[in-house]
2 protein chains.
Amino acid sequence: MGLTGLEVGVIDFFVSAVKVLGLPKSIGEIYGLLFVSPQSLPLDALCQRLNMSKGSASQGLKLLRAFGAVKATYQPGDRRDHFTAEVELKRLVAGFMREQIQPRLSHGEERLAQLLSLGGQLSDQAAGHFQRQRLQKLERWSQRSREVLPLLSGLLE
Amino acid sequence: MGLTGLEVGVIDFFVSAVKVLGLPKSIGEIYGLLFVSPQSLPLDALCQRLNMSKGSASQGLKLLRAFGAVKATYQPGDRRDHFTAEVELKRLVAGFMREQIQPRLSHGEERLAQLLSLGGQLSDQAAGHFQRQRLQKLERWSQRSREVLPLLSGLLE
DNA sequence: TAAATTGTTCATTTTTTCTTGAACGCGGGG
DNA sequence: CCCCGCGTTCAAGAAAAAATGAACAATTTA
């Protein structure tokens with residue numbers, strides 16, 4: 001029922017990792033435990049071993065599944081879903097990009113488009129000129145991100 | 001004293017951007033205002049125009065300077081520091097990597113080293129074997145990160 | 001079909017993070 | 001030498017994010 005030293009260590013490792021990514025601790029706990037566990041685990045096993053509420057575990061698993069970071073495996077003779085960690089770094093990164101980065105990037109681009117239309121109304125004075133240049137700079141940044149970020153997944157073959 | 005529509009738009013843009021990076025809103029506000037401002041601004045101008053406390057502005061600028069995202073420019077006849085936005089994407093990314101990512105990555109590697117020593121004590125049973133493999137997997141991930149992340153800065157030439 | 005088991009949702013509470021503002025230190029001028 | 005302007009620090013308060021747990025579907029099985 002308690003966790004071994006190794007399990008605690010691995011879970012801790014993932015907790016720090018997901019915090020870097022801006023995700024809640026519970027996500028790291030769940031993924032970490034699944035990562036070290038030889039067997040797939042059902043939701044209530046996660047709750048018990050991690051001292052976590054059913055609600056947290058359910059929400060955490062939902063997000064992890066959306067990333068493709070855990071998969072549900074059918075276990076014959078058991079009505080419950082059992083979960084397993086996906087451990088291919090490339091897939092984890094791809095899932096994170098798709099679910100977290102891309103949507104925000106798109107949103108940012110919409111915002112930028114609105115800014116550009118505002119920019120059209122700028123004066124031809126020095127200040128207006130400067131600000132138009134800055135908006136162009138933002139456009140270039142946006143373009144670069146679209147080019148470079150997808151490459152990242154590729155580098156992890 | 002108030003902000004123009006464009007200024008609000010740009011600031012908003014950067015506020016969302018820094019949130020993606022896990023940084024506080026105030027950082028985005030400061031950088032955003034400096035980014036659209038043709039002139040360099042002293043601390044108290046930032047406070048006034050952003051309705052922000054001196055404490056926040058000071059701390060925000062400190063972090064932004066550590067990133068190399070703003071530079072202090074000397075203004076003759078004025079005892080105050082004046083600040084300007086650094087707008088080269090490559091440098092911004094490099095600064096963020098250096099100040100935020102690399103330290104956490106190093107910390108993670110220390111943790112991993114500890115885990116590996118724990119792993120030495122694992123049994124030769126199936127479970128121990130499985131967990132040893134997982135630790136190897138973590139080592140490979142760590143190695144990949146060390147290889148790939150530095151490349152990112154390079155791609156932004 | 002009733003009862004039991006599994007998992008989800010969401011309002012509330014708890015925890016964490018950010019901001020504030022007052023106190024402090026430092027360096028000039030007067 | 002003392003005062004004043006500028007900036008930093010940090011304890012306390014405010015705001016934001018996450019966890020809880022109870023209510024609710026859905027699905028099985030008895």
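This is a predicted model, so every value here is computed, not measured. Letters go in sequence order (proteins before strands), and every chain restarts at 1.
- Between the CD atom of A/Q75 and the C1' atom of C/dT6 there is a distance of 15 Å, given to the nearest Å.
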Protein-nucleotides 27-30 of chain C N/O pairs closer than 3.5 Å?
none

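- B/D81 comes within 4.0 angstrom of the backbone, heavy atoms only, and of no base.
- For the pair B/L46 CG and D/dC6 C1', the interatomic distance rounds to 14 Å; values are reported in whole Å.
- Remark: B/D124 engages B/R132 in a side chain to side chain donor-acceptor pair (under 3.5 Å) (not counting sequence neighbours).
- Contact check of residues 31-39 of chain A against DNA chain C (heavy atom, cut-off under 4.0 Å) returns no residues at all.
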Taking only nitrogen or oxygen atoms into account, show me every contact under 3.5 Å that the protein makes with nucleotides 16-23 of chain D, one pair per line with its distance.
residue	atom	partner	partner atom	Å
D/dA19	OP1	A/S26	N	3.2
D/dA19	OP2	A/S26	OG	2.9
D/dT20	OP2	A/S53	N	3.0
D/dT20	OP2	A/S53	OG	3.1
D/dT20	OP2	A/S56	OG	3.4

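- Distance, A/R80 CZ to D/dT28 P: 15 Å, rounded to whole Å.
- Sparse packing is recorded around NZ of B/K25, with 12 or fewer heavy atoms of other residues, nucleotides or ligands lying under 6.0 Å away.
- Two different hydrophobic clusters hold B/F130 and B/L116 under the rule that ILVMFWY side chains link at heavy-atom gaps under 4.5 Å.
- With hydrogens and angles disregarded, no donor-acceptor distance shorter than 3.5 Å links the side chain of B/S142 to the backbone of B/L138.
- For D/dT9, one of the phosphate oxygens OP1 or OP2 lies less than 4.0 angstrom from a side-chain nitrogen or oxygen of B/K62.
- If you take CG on A/L135 and CZ on B/F35, they are separated by 7.5 Å, rounding to the nearest 0.5 Å.
- Look at A/R65 and you'll find a side-chain N or O under 4.0 angstrom from OP1 or OP2 of C/dT8.
- Atom pair A/H82:NE2 and C/dG7:C1' shows a separation of 13 Å (rounding to whole Å applied).
- The interatomic distance linking A/F83 (CZ) with C/dT6 (P) rounds to 13 Å, in whole Å.
- Between the CG atom of B/L21 and the C1' atom of C/dC18 there is a distance of 17 Å, given to the nearest Å.
- When each of A/L41, A/I11, A/T84 is paired with A/L34, the side-chain contact (heavy atoms from CB on, under 4.5 Å) condition holds for A/L41 and for no other.
- The pair B/E86-B/R65 does not count as a salt bridge, with every side-chain nitrogen at least 4.0 angstrom from each carboxylate oxygen.
- Of all heavy-atom pairs spanning B/W141 and A/L89, the tightest one is NE1-CB, 3.6 Å.
- Within 6.0 Å of NZ in A/K137 there are more than 12 heavy atoms belonging to other residues, nucleotides or ligands.
- Sorted by first then second residue, the side-chain hydrogen bond (donor to acceptor under 3.5 Å, both in side chains) pairs that include residues 109-123 of chain A, not counting sequence neighbours, are A/E109-A/R146, A/R111-B/S16.
- To the nearest angstrom, P of C/dT9 lies 12 Å from CG of A/L61.
- Distance A/L43 CG to C/dT8 P: 7 Å, rounded to the nearest Å.
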May I have the list of side-chain donor-acceptor pairs in residues 67-77 of chain A shorter than 3.5 Å, sequence neighbours left out?
residue	atom	partner	partner atom	Å
A/T73	OG1	A/H82	O	3.2

